[in-house]
Structure formats: C-alpha cells, structure tokens
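Presented below is the structure to which this report refers.
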Amino acid sequence: MTETLDISITKTLNSRLEQTDFSNLPFGRTFANHMFVADYADGEWKNFQIVPYGDIVMSPAISAIHYGQSFFEGLKAYKHGDGKVSVFRPYMNAARFNKSAERLCMPDLPEDIFVQSIAALVDVDKDWIPAQANHSLYIRPFMFATDPYLGVQPSKTYKFMVITGPTGPYFSKPLRVKIETEYSRSTEGGFGYAKAAGNYGGAMLPSRKAVEQGYDQLIWTDSKEHLYMEELGAANVMFILDGKLVTPSTRDTILKGITRDTVLNLAREWGYEIEERRVSVAEILEGARNGKLTDAFGAGTAATIAPIGEIEHEGQLYTLIDPSQRVFSNKVLKTLDEIRYGVTPDPYGWNYMV
Ligand SMILES: *Cc1c(COP(=O)(O)O)cnc(C)c1O
C-alpha cells in the first residue's frame, strides 16, 4: 500500500496538556489528548479515526473479555533537539503485531496501516512528547475481539486502537531479581512469543509474590526444568559472560524483542562475539561467582536497558558488578539514546520520521 490512509480527525476541545505535570510521569498513567480507532468487519479494516481520548462502550459478551482474544504492541516516539519527531523501528512492531494476530486467530493488519495510523496520531499529539532526557511518548497499539457472542470461537469483528502517553524511565535503579523456579510464563507450543493479553495476566501472581519477597522483577526460566533463563519480566535478558554477549535464543516461549534485536546489531557492529543459545541458570551464577559475568541487563522498549544489580536463586543472593562500571550496557544505552534522540546519525534507518 503506497497511498496514504484516509483518516477522519476530530480534535478535542478540552486539551489536558496544560494540566499535565511533565516532571512526574510514571509509566502508563498519563494519556495524550487523542486516540486512534479502526474497525474490522466483513473481512476488511475501515472507519479509520483519530478522536479525543476517552472511554469506549462495548458489549459485555465480547470474546476479548471472556476468552482473551486481545493483544498489544509497545513502541516509542522521541523528540529530537531540532524539534523533529521519530518513532523507533515501527515496521518491526507491525510485523510482530501480525504474528500475535495469527496465533490468536485474529485478522492481519497491513503493516502500512499500522505505521501510518501511529504516525498520524503522534503527529496530532506531538506536543505531548516530552523534551527532557530519557523521556518519550509511549505508544500502545492493540487489537481486540468485539463480537457480542459467548461461543468459544474467533470473533468476526475487531477493533484496532492506539493510545499514547508521555513517560520517563520505567526503572530508576538497578534491579534486584529472583530466578523463578516454580511458575512459568509460557510453555512450548503455547503463545509466549505473542504479545497476547493473557500472557501478562498469568504473570501477575508470580510477579506479585516476587515483589512481596523483596524483588523488583523475576527471571522466567524454561517451564520443563527451570534450568534455563528465558526472560526478565516483560523484557529480554542479556549477559556479557567471558567477554561474549550471551542471550537466550528466541523460541515459542520467548517474546522476540525489538530492543534485543537492536542491541545484537550494535554488538555485532562493535565486534562482540554473540551467542544466541540456551543459557543455563548455572553458568550465569557460576559467572557471578568467578567474575566472568561482567554485565547483565533487561532489554525492552518500556524498560530500555535495565541493569540487574542482584540475582537470587534458591535462597542465595549474588551481587553483580557495580552497574556504573559496566562497559557494554552503558555504551549500548548511550548509543541507543544518541540515535533515538537524533544526536548522532542513524545509519541503520531505525528512526521513522513523522
Ligand atoms: C514487549 C516485551 C519484550 C520486549 O520487546 P521490545 O520489542 O524490545 O519492546 C520482551 N519480553 C516480553 C514478554 C514483552 O512483552
């Protein structure tokens, strides 16, 4: 599709921008003035609209509520020093959006519709993109089933929506994490690789227990034996072990992160040896003991690059090297920021200019 999307735009008469405190932006609580909405019916996407952000009315019988036909994406828009605005690698999110849709028997959304709807919405609300360092406009596209029907089968109608909100850093300090050896986030043959709503509901009890035990996050391990690392909460997990960048290879239990892919690209460019493979809990803890583990962090759009400060496994707490001394994660975060905020050129074409 090369033609531009025909979007009807209704702007709000009651902007909330002036009342918003941009010095206090916890993740996910503040929403910009507008939202994007489209409908799927009779086998096609239609009614592309940007309207004032607000509540929506739905049948109580929709299968999104009862059977979880619902999934989302997460990406960010950045304001550059010269006032230009970019969205980071949105076609990657568009492709993953359709992988999630396919797994949940939901309709494909053409990638250009996904990207153009986001670009149009970000443009309408560009004054909501914070200008201060480490801040951005978080973009949340999502799709859900809307048939008013309680049968357990795929809906015939859906909504695609996008909401946005200004946000600062998700984590403010190095993470104290627990290696989860009881619960699982996803299983082989399941849908852990999809950003399906149900994956996050199922993660809430184990996450809450970890928080009650004094941890910020947990590291998911394989559901069969709990011997291999999978992810860090809702971020991918990466290590520098013995000088090499080591990260779990993606499989159907692991969400294939765009930040992960971006970090791997930069590491490859910098000449790091990269190992995408199964990563055992034992080898990482051994590295923490013998000093060969020189970096450990979560990588994700919301989390950005989140250093792991301490790791607990079966009653033993390991303190990792001081995050300020870590070469790789500090360099990768700095480089990523410079590209995303337009401080340095973007030779990879990662910034989609709005
Ligand atoms: C979104 C997400 C990630 C990170 O993906 P990005 O594309 O880098 O934002 C990793 N794991 C899970 C479970 C996620 O939901």
Side-chain angles (χ1 to χ4, degrees), residues 1-9 34-50 64 69-78 84-126 129 136-146 154-164 191-197 199 236 250 252 254-265 300-302 339-340 346-354:
M1 190 182 81
T2 45
E3 78 265 33
T4 46
L5 197 60
D6 189 8
I7 303 171
S8 120
I9 300 179
H34 299 89
M35 61 188 188
F36 180 92
V37 192
D39 297 307
Y40 183 88
D42 309 317
E44 61 174 354
W45 287 103
K46 50 186 135 190
N47 305 336
F48 305 107
Q49 296 180 63
I50 288 174
Q69 260 201 311
S70 175
F71 69 93
F72 63 94
E73 266 304 323
L75 63 168
K76 283 175 171 174
Y78 299 86
K84 289 198 183 117
V85 169
S86 64
V87 178
F88 196 69
R89 307 187 77 184
Y91 277 93
M92 296 284 285
N93 297 87
R96 192 171 62 194
F97 199 72
N98 286 327
K99 287 214 170 65
S100 297
E102 180 192 34
R103 183 62 178 83
L104 296 172
C105 272
M106 294 165 70
D108 192 84
L109 178 74
E111 291 184 6
D112 286 317
I113 295 185
F114 180 92
V115 173
Q116 287 187 29
S117 60
I118 287 169
L121 181 65
V122 167
D123 189 47
V124 165
D125 278 333
K126 58 178 175 294
I129 310 174
S136 57
L137 187 76
Y138 182 77
I139 303 163
R140 169 55 63 87
F142 53 107
M143 193 200 294
F144 60 97
T146 54
S155 181
K156 290 186 173 59
T157 63
Y158 296 86
K159 269 192 195 298
F160 165 57
M161 296 184 62
V162 187
I163 57 177
T164 72
F191 53 96
Y193 68 89
K195 252 175 143 66
N199 284 329
N236 294 111
T250 54
D252 55 10
I254 293 179
L255 198 294
K256 198 169 180 178
I258 294 158
T259 316
R260 175 186 181 279
D261 180 79
T262 304
V263 171
L264 290 176
N265 271 291
T301 298
I339 294 173
R340 293 187 293 211
D346 167 29
Y348 316 94
W350 287 336
N351 290 334
Y352 179 91
M353 302 311 295
V354 172

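Here the structure is a predicted model, which means the values were calculated and not measured. Values below: all heavy atoms of this structure, side chains included; hydrogens, waters and symmetry mates excluded.
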With sequence neighbours excluded, residues passing side-chain hydrogen bond (donor to acceptor under 3.5 Å, both in side chains) with [X]:
{"X": "Asp346", "result": "none"}
{"X": "Thr146", "result": "Thr157"}
{"X": "Thr259", "result": "none"}
{"X": "Arg140", "result": "Tyr138"}

Open item on the list: Is there a side-chain contact (heavy atoms from CB on, under 4.5 Å) between Met92 and Asp261? Walk through the geometry before answering.
Closed with: CA-CA 10 Å; Met92 296 284 285; Asp261 180 79; 3.9 Å; yes
For the [atom1] atom of [X] and the [atom2] atom of [Y], what is their distance to the nearest 0.5 Å?
{"X": "Arg96", "Y": "Phe72", "atom1": "CZ", "atom2": "CZ", "result": "9.0 Å"}
{"X": "Leu255", "Y": "Asn199", "atom1": "CG", "atom2": "CG", "result": "8.0 Å"}
{"X": "Met35", "Y": "Ile50", "atom1": "CE", "atom2": "CD1", "result": "11.0 Å"}
{"X": "Phe36", "Y": "Ile9", "atom1": "CZ", "atom2": "CD1", "result": "9.5 Å"}
{"X": "Leu121", "Y": "Leu137", "atom1": "CG", "atom2": "CG", "result": "8.0 Å"}
{"X": "Leu75", "Y": "Ile139", "atom1": "CG", "atom2": "CD1", "result": "4.0 Å"}

Spell out, as yes or no, whether a donor-acceptor pair under 3.5 Å connects the side chain of [X] to the backbone of [Y].
{"X": "Asn351", "Y": "Ile339", "value": "yes"}
{"X": "Asn236", "Y": "Gly257", "value": "yes"}
{"X": "Gln116", "Y": "Leu5", "value": "yes"}
{"X": "Asp252", "Y": "Gly192", "value": "no"}

Of all the heavy-atom pairs spanning [X] and [Y], show the shortest one and how long it is.
{"X": "Val124", "Y": "His34", "answer": "CG1-ND1, 3.4 Å"}
{"X": "Val354", "Y": "Ala119", "answer": "CG1-O, 3.5 Å"}
{"X": "Ser70", "Y": "Met106", "answer": "N-SD, 3.9 Å"}
{"X": "Ala77", "Y": "Val85", "answer": "CB-CG1, 4.5 Å"}

TODO: Indicate the ring-plane relationship of Phe114 and Phe97, choosing parallel, tilted or perpendicular according to the 30° and 60° boundaries.
DONE: tilted
Under the side chain to side chain contact (heavy atoms under 4.5 Å, CB included) test, which residues partner [X], sequence neighbours left out?
{"X": "Glu111", "value": "Tyr91, Ala94, Ala95, Asn98"}
{"X": "Ser100", "value": "Phe71, Ala194, Lys195"}
{"X": "Tyr40", "value": "Trp45, Pro107, Tyr158"}
{"X": "Thr262", "value": "Phe88, Arg89, Ile258, Leu336, Trp350"}

Would you say the side chain of [Y] lies within less than 4.5 Å of the side chain of [X], judging by non-hydrogen atoms?
{"X": "Leu104", "Y": "Met143", "answer": "no"}
{"X": "Ser86", "Y": "Arg340", "answer": "no"}
{"X": "Phe160", "Y": "Pro141", "answer": "yes"}

Open item on the list: Test of understanding: with salt bridge (charged side-chain N to carboxylate O under 4.0 Å, His left out), list the residues that count as partners of Lys84, not counting sequence neighbours.
Closed with: Asp82
TODO: With sequence neighbours left out, write down each residue that passes salt bridge (charged side-chain N to carboxylate O under 4.0 Å, His left out) with Lys256, or none if nothing qualifies.
DONE: none
- [ ] Check ring-ring contact (aromatic ring centres under 6.0 Å, His included) between Tyr352 and all other residues, then give those that pass, not counting sequence neighbours.
- [x] none
Task: Partners meeting ring-ring contact (aromatic ring centres under 6.0 Å, His included) with Tyr193 (sequence neighbours left out) - done: none
